[in-house]
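The chains referred to below are lettered A, B, ... by the order of the sequence lines, with proteins before strands, and numbering in each begins at 1. Remember, it's a predicted structure, so these values are computed and weren't measured experimentally.
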There are 4 protein chains.
Amino acid sequence: MTTELDGLAERLRAFAEVREWERFHTPKNLAMALAGEVGELVAELQWLTPDESRSPDPETLSRITAELGDVTAYLVRLADVLGVDLVAAAHAKLDVGERRYDPVRYRGSSRKAPHLPRPPEAGGR
Amino acid sequence: MTTELDGLAERLRAFAEVREWERFHTPKNLAMALAGEVGELVAELQWLTPDESRSPDPETLSRITAELGDVTAYLVRLADVLGVDLVAAAHAKLDVGERRYDPVRYRGSSRKAPHLPRPPEAGGR
Amino acid sequence: MTTELDGLAERLRAFAEVREWERFHTPKNLAMALAGEVGELVAELQWLTPDESRSPDPETLSRITAELGDVTAYLVRLADVLGVDLVAAAHAKLDVGERRYDPVRYRGSSRKAPHLPRPPEAGGR
Amino acid sequence: MTTELDGLAERLRAFAEVREWERFHTPKNLAMALAGEVGELVAELQWLTPDESRSPDPETLSRITAELGDVTAYLVRLADVLGVDLVAAAHAKLDVGERRYDPVRYRGSSRKAPHLPRPPEAGGR
């Protein structure tokens, strides 16, 4: 089954190939490009209060959406070049988060939990 | 149809709700969390040459994958809170990129293209 | 006259030289290290409200101070490698900002001003 | 004695005051602004090889210098709002780095050292 992310990755791959940009698209360079786009996203929200950021006016939302598009594009391209499955990687981190942050103990709290010992069943990585 | 990103967004929503973390999950705060995770990702690649970054050793790749998982989780959560479709947003930016970077003119070149005038058919935003 | 930043730059230079780390300290790599440290700084503030961030508790302030130290170290090292005077560069940007943001027109406003045309007396750069 | 950083901090303070921007200048918001500027800096270097980044052409160096100026301005403003001495904070981190990275053991190596136990003489922080 081809997913929506596979389709996007494929389009990005073709976009780079037809322009002969593969040599620029190393993981190092793409991580920098990703950081640059996240910087632009953060800049859109920097002077808003947290509450204001929940309901940006249409023009601000349009600029935020454009930045989210750039961030997604570089993230998917980076994962493609490295052969990483982004959704599987996120679910794996959520598995850890669910064990690390007990729902009762951390209810309504933003404090950080200590890191968990790696479970024995995880094997060597 | 529920996509893989919808499924991830739903799991993240439930993860936040059961811990009563929604009040922390403003777009502003989530953009900061995203920037923090991208910083950790960049740090994994900072001393590698671009070529070395193409084939990280298994332990480095495992750490990079974990960071990509964190980045994806916060990006999907942020988009969910704002009601933005990440894949559609990325395709929209690629539409612009394909017009902006002529394949012949920018073949093998990393220089930036001038921004395009907004096309008349786009209407007001 | 040797300034406090010169002294710091010199100590950082010696720190790198004695460990033979100069080959890692390219501007590209140092900019990535700087981004990584800024990510850690942002992460310290991500769940605080803007008001809370004004008066962090002593332990949080201590962690923020440590991150500010890391950010400063990489910024000064990067500028040293490139031969850039950070304080002069900041003053030059403030010169522009003072012309761009009229005090009356932008009083109490966080909106962005349009970019200024480069003044004719600036000559070629 | 007034240092060059004190002078810059003072100019930034006056710049904000005369425009009544103090309420925007919380540490949280300023850290976001700093992250945005670092993103722009990283973007200037993203497609260069590490070697190319050592000797940027005059126009690229001019843009990098401008971004370094922005980064410095927000960093100094953030430290001023928090009452942190940036140079002292950087020296304190270098004190740690010098103990953590033995010059012989880490010569020519970019691998990370384990974190040091906090020294007993450090007292409570």
Novice: Roughly how far, to the nearest 0.5 Å, is the NZ atom of B:K28 from the CD atom of C:Q46?
Specialist: 13.0 Å

Novice: Who passes side-chain contact (heavy atoms from CB on, under 4.5 Å) against C:Y101, sequence neighbours left out?
Specialist: C:Y106, C:K112, C:A113, D:R19, D:W21

Novice: Sort by residue number and list every residue of residues 71-87 of chain B having at least one heavy atom under 4.5 Å from chain C.
Specialist: B:Y74

Novice: Around atom CZ of B:R111, are there more than 12 heavy atoms from other residues, nucleotides or ligands closer than 6.0 Å?
Specialist: yes

Novice: Of all residues at least two apart in sequence or in a different chain, which pass the salt bridge (charged side-chain N to carboxylate O under 4.0 Å, His left out) check with C:E44?
Specialist: C:R63

Novice: Side chain, backbone, both or neither: which part of B:L41 has a heavy atom under 4.5 Å from chain C?
Specialist: neither

Novice: Would you sort out whether B:W47 and C:R23 count as a side-chain contact (heavy atoms from CB on, under 4.5 Å), showing the intermediate values?
Specialist: CA-CA 10 Å; B:W47 306 129; C:R23 68 184 173 98; over 6 Å; no

Novice: Can you pull out the residues in residues 29-38 of chain C with any heavy atom less than 4.5 Å from chain B?
Specialist: C:N29, C:L30, C:M32, C:A33, C:A35, C:G36

